[in-house]
Student: 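Pasting in a structure now, in structure tokens, and then I'll have a few things to ask.
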Amino acid sequence: MALCVGLIGFGTVGSGAVKTLLANATQIQQRAGTEITLQAIADLDWETDRGVDVSNVKRTTDAWELIRDPDIDVIVELVGGTTIAKELVLGALEHQKDVVTANKALLAAHGAELFRAADRQGRKIHFEGAVGGGIPIIQTLYGGLASARIREIHAIINGTSNYILTQMGEHGRSFETVLREAQKLGYAEMDPSYDVDGNDAAHKIVVLASICFGTAIPLEDVYTQGIRDITVEDIRFGEKLGYRLKLLAIAKDLDGEVEVRVHPTFIPKSQLLAWVHGVFNAVNTYAEGLGSTMLYGRGAGDWPTGHAVVSDLIQCARDRLARRPADYAYFYTPAKSLRPMSEVITEYYLRFVVKDQPRVLSKIAGILGEHNISILSVLQTEASRDNVCPIVIMTHKAREGDMLHALSQIEELDVVMAAPKLIRLEHMNPQRG
Ligand code: HSE
């Protein structure tokens with residue numbers, strides 16, 4: 001029996017999914033073990049040309065028509081957002097349909113409720129397209145890495161931010177100009193603040209961490225810092241010291257506690273992740289015994305995410321044929337607590353703007369020392385005409401709470417001319433090799 005699909009939302013990803021279904025129809029049927037038939041599409045806009053012929057598919061503006069249609073087995077939700085999309089997904093599950101979605105915001109905010117509903121209804125939610133676009137990270141975690149005890153994830157999962165940081169670093173271009181370009185290229189979210197303020201990456205790391213660590217992660221408690229305050233100057237200082245700046249999504253399983261955070265991060269150039277440029281995404285997992293595994297690819301766009309959606313449809317068809325049950329309990333069971341940011345231990349890049357005069361460095365170093373913060377290296381460049389100069393300090397590992405106390409005292413010094421700049425630094429699995 002064919003798998004009958006109802007597609008809600010015929011935008012960039014929706015049209016990519018339809019193009020994939022048409023382009024690879026024979027192979028898809030072979031791999032799914034059954035034909036995958038696009039029964040109907042719901043969208044409010046039937047004027048825009050999507051570059052794909054759907055004249056033989058039923059078209060409507062009423063999404064609920066698809067949900068109520070008894071012939072449809074699976075609803076593909078590509079509406080986006082967390083309000084209407086949530087009602088549609090819950091409605092689809094209640095009507096005994098499986099769901100395929102690429103909506104990371106929805107899963108991160110309401111995953112507990114949705115997966116509980118799926119378990120109750122004995123239905124499945126597939127979401128390969130929600131994280132990393134065309135990178136098959138979700139099915140890899142459920143499949144090839146299912147045996148692995150993953151302890152750390154370091155991920156570049158927002159292409160827009162990575163594109164901006166790459167352009168700023170390589171060409172010294174301004175944040176605003178590059179953001180506008182990313183929007184034109186179709187990578188940015190409808191509201192680009194989701195990209196540059198780190199929320200999109202936070203949504204995605206919540207999904208990955210829940211799967212990897214088997215625990216619910218409250219999105220609102222995830223430390224999230226974007227790239228708005230990043231300057232070309234900081235990127236260049238980091239380069240000089242051997243580091244690349246990335247908006248990193250980080251998750252760690254620390255036995256009983258988990259750490260989940262998103263912020264601009266310096267990583268040594270010797271790490272593969274440092275070489276992920278432009279709109280590309282990459283996810284590096286570290287598992288005991290297995291070591292590091294990295295997936296790299298296109299994290300957004302019509303074809304890449306369309307592929308992810310269709311691979312979910314194939315998975316959906318296989319699961320139905322095999323009558324394979326789902327168990328999403330870990331998405332809504334808080335098995336481990338989230339470590340507060342003040343307790344996070346990491347290395348730091350600090351930049352101070354100071355008066356170039358005697359004892360300045362010793363005053364700053366003294367305060368850091370009093371807070372148990374050990375200096376790794378110091379870089380000072382020549383003062384400008386007004387006798388002000390930057391000092392960059394790299395530190396050994398320190399507790400975030402200690403660091404923030406120290407910085408607030410340093411900011412009070414009369415020789416310090418601006419708020420100190422802090423950028424965290426990560427080595428992938430340093431102690432574990
Ligand atoms: N706006 C996202 C990004 C793409 O820039 O990576 C979709 O997740």
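All ligand and atom numbering here is 1-based and tracks the order in the structure.
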Student: Return each pair, listed once, that meets salt bridge (Lys or Arg N to Asp or Glu O under 4.0 Å) where at least one residue sits in residues 93-115; pairs must be two or more places apart or across chains.
Tutor: Lys86-Glu113, Asp98-Arg123, Asp98-Arg320, Lys104-Glu189, Lys104-Asp200
Student: Less than 6.0 angstrom from the centroid, inside 45 degrees of the normal: does Arg298 satisfy that with respect to the ring of Trp303?
Tutor: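 Checked: cation-pi criterion not met.
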Student: Flag the pair Phe115 / Tyr332 as yes when their ring centroid distance falls below 6.0 Å, and as no otherwise.
Tutor: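 Centroid separation for Phe115 and Tyr332: 6.0 Å or greater.
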Student: For residues 215-257, pull every pair meeting ring pair (Phe, Tyr, Trp, His ring centres under 6.0 Å), keeping only residues two or more places apart or in separate chains.
Tutor: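 Residue pairs with at least one partner in residues 215-257: there are none.
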Student: Is any side-chain heavy atom of Arg31 closer than 4.5 Å to one of Arg318?
Tutor: yes
Student: Mind jotting down which residue pairs meet the ring pair (Phe, Tyr, Trp, His ring centres under 6.0 Å) criterion with at least one end in residues 11-45? Sequence neighbours excluded, please.
Tutor: none
Student: Between the protein and ligand 1, are there any N or O atom pairs that come within less than 3.5 Å of each other, and if so, what are their names and distances?
Tutor:
{"residue": "ligand 1", "atom": "1 (N)", "partner": "Tyr187", "partner atom": "O", "Å": "2.8"}
{"residue": "ligand 1", "atom": "1 (N)", "partner": "Glu189", "partner atom": "OE2", "Å": "2.6"}
{"residue": "ligand 1", "atom": "1 (N)", "partner": "Asp195", "partner atom": "OD1", "Å": "2.8"}
{"residue": "ligand 1", "atom": "5 (O)", "partner": "Asn158", "partner atom": "ND2", "Å": "3.4"}
{"residue": "ligand 1", "atom": "5 (O)", "partner": "Gly159", "partner atom": "N", "Å": "3.4"}
{"residue": "ligand 1", "atom": "5 (O)", "partner": "Thr160", "partner atom": "N", "Å": "2.9"}
{"residue": "ligand 1", "atom": "5 (O)", "partner": "Thr160", "partner atom": "OG1", "Å": "2.6"}
{"residue": "ligand 1", "atom": "5 (O)", "partner": "Tyr187", "partner atom": "O", "Å": "3.2"}
{"residue": "ligand 1", "atom": "5 (O)", "partner": "Asp195", "partner atom": "OD1", "Å": "3.4"}
{"residue": "ligand 1", "atom": "6 (O)", "partner": "Gly159", "partner atom": "N", "Å": "2.7"}
{"residue": "ligand 1", "atom": "8 (O)", "partner": "Lys104", "partner atom": "NZ", "Å": "2.7"}
{"residue": "ligand 1", "atom": "8 (O)", "partner": "Lys204", "partner atom": "NZ", "Å": "2.7"}

